[in-house]
Amino acid sequence: MVSLSQRMRKLQHKLIAIRLGPGALVLPKDVKRIHMRFGEKINGGHMGPRKFWRHELIRLKYHNPAVPMTVDRIREEAQTPESEAIMSVHFASADARQTSSSATSSPASTDSTTTATTPSDADPTERVETINMKNKTNSEILQQLTQLTKAYPIEPTEGDKEELRLLEEQRVRSERDSKMYAEHRARMKREREIFEQGRNDLAAQTA
Amino acid sequence: MALPSRYCPSCLSSLRPTRTALAFRPSPFLAQHQQPPQQKRHATGLPSARAAMFRSKNKDKEGAARRKKKARAHYTQPDLKQALQFSLVDAMRYLRAAEVGRPPTSAKYELHIRLRTVKNGPVVRNRMRLPHPIDTTTRIAVICPPDSKIAKDALAAGAQVVGEESIFEAVKEGRIEFDRCLCHTDSLPKLSKAGVARILGPRQLMPSAKTNTVVKDVGAAVKGMVGASEYREREGVVRMGVGQLGFGPEEVQKNIAAFVGAVKRDIGALADRVSKGVHEIVLSSTNGPGLSLNGEVRGEGSVDTRDVSVVN
């Protein structure tokens, strides 16, 4: 089994990737729900949305655990060049915001199994804004979302910075060591080859 | 001895550089045999045989060195003081982020229990019903005389297929329409004669007393099996799914407690034959990283438990 320090270092990299980076935003409290709908295949401008889901949405979810974020993907067979790629952001309406003081911990009433909710049948108390994600890159989508929701970014804390510094140091060190040892191994191998050949030649001479 | 002409002298001179930190040490293998061959040749007059002997001797020596490194009898138990450990809510927050946008029924929490145990010997293996079952769609087949009271009990308890010959025929034709297979004690001789072990065995479906799938009280067994999950120790780790992603911390916590408790009971049952213990508990998910748990539900600075119970 892999050593503990190796395992933990790998885990640290993974967790930092979930915590920090593009998409590490805190959404304002009136954002109730984010829903994405795009195709299973990237043809026709569906690559950006997928990248956004795989990278930015993970960080967004980590920093906003109470906001339901769903992804609904158009089946491969049903996907046509005209298939839309949209993100709908559901906001609490003005009066709803007053009643629920702690918006972060209000449980979502939406059924988890029906991910196919379209903006049309949304809760009437909600205001729904949509972003067209078609033919957009993940960074463009993030920019639009930030503008729409007025989310503010998370800055790495002192602890995070320290962790990043240590990981970077470790990376440099390991690169140096692996290079050094590769040289050492190559030298050993060459020496062994020379010796082996010398012995064979000797055997050939005497035979 | 004359060096073969294919080696350029400059390469050879570069063989002993001193600038790298890892100073080159000629291996004992090289140091020992660099000069001797020529002298030996004169001594014996049978150089090729001599060389062959040398080679075989060398091999033996290497083998001996390898054998000296005695294989560990136990799986390693790293010191968990160096490990990053998380409270349940923190771990769930990371995993839910890693699983964002996945269908909530397909993504699952998994628990890995690492044991302090020897590499060989009896293993922990059992089946249990979690307080909050994950999968309730298990299809169960019961091998018992059809149209008997036993068959009726089994059907009432939730078995899908009941019978003897009919099941054997179907299995031989390749129609295995069940995920678990039970057998009544009286039908065991018929089952062993039917020759379906070759088909069921590799799928881990063959009933046997070892896996508690040959039973007298079929009804109770089926009831215990609906929504039950199986676990088994592999390479010192017991793994099992402990929850759907939609579960809240309380549900996951109950499932984890039940699972760890069941494994500890199994360890207790094996106590007279082998000593085992729980070393580490790791929570992971279908697509997420594995996070070692520290046993607490909430740590300092954890988010509200309600936040991680939000569906999706």
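For clarity, every value in this text was computed on a predicted model and none was experimentally measured. Below, read A as the first sequence line, B as the second, and so on, with proteins coming before strands; counting in each chain starts at 1.
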Student: Kindly give the heavy-atom pair with the smallest separation between B:S292 and A:R7, and that separation in Å.
Tutor: CB-NH2, 4.4 Å

Student: Identify which part of A:I18 has an atom lying under 4.5 Å from any heavy atom of chain B, answering side chain, backbone, both or neither.
Tutor: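 Side chain only.
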
Student: How about B:L291 and A:L15: do any of their side-chain heavy atoms sit closer than 4.5 Å?
Tutor: yes

Student: Measure A:I58 against the heavy atoms of chain B and call it side chain, backbone, both or neither at under 4.5 Å.
Tutor: both

Student: Within a strict 4.5 Å, meaning less than it, do heavy atoms of the A:T70 and B:R102 side chains meet?
Tutor: no

Student: Which region of B:Q77, side chain (C-beta onward) or backbone (N, CA, C, O), has a non-hydrogen atom less than 4.5 Å from a non-hydrogen atom of chain A, or is it both or neither?
Tutor: neither

Student: If you count every heavy atom of other residues, nucleotides or ligands that lies below 6.0 Å from A:M47 atom CE, does the total exceed 12?
Tutor: no

Student: Heavy-atom distances under 4.5 Å only: say whether A:R54 touches chain B with side chain, backbone, both or neither.
Tutor: side chain

Student: Do other residues, nucleotides or ligands put more than 12 heavy atoms under 6.0 Å from A:K51 NZ?
Tutor: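 At most 12 heavy atoms, drawn from other residues, nucleotides or ligands, come within 6.0 Å of this atom.
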
Student: Can you tell me if A:R19 and B:Y94 form a side-chain donor-acceptor pair at under 3.5 Å?
Tutor: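 The answer is yes; a qualifying pair exists.
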
Student: Any side-chain heavy-atom pair from A:L11 and B:L84 closer than 4.5 angstrom?
Tutor: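 The answer is yes, as the side chains (C-beta and beyond) meet within the 4.5 Å cut-off.
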
Student: Closest approach of B:P78 and A:L4, non-hydrogen atoms and distance?
Tutor: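 Looking at all heavy atoms of both residues, the shortest contact is CB-CB, 3.9 Å.
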
Student: Could you report the tightest heavy-atom contact between B:R93 and A:P65, atom names first, then the distance?
Tutor: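 In this case the closest contact between B:R93 and A:P65 is NE-CG, 4.0 Å.
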
Student: Decide if atom NZ of A:K10 counts as having more than 12 heavy atoms of other residues, nucleotides or ligands within a radius under 6.0 Å.
Tutor: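 Open.
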
Student: Apply side-chain hydrogen bond (donor to acceptor under 3.5 Å, both in side chains) to B:Q82 and list each qualifying residue two or more places apart in sequence or on a separate chain.
Tutor: none

Student: Step through the shown structure and confirm whether more than 12 heavy atoms of other residues, nucleotides or ligands are within 6.0 Å of CD on A:Q170.
Tutor: yes

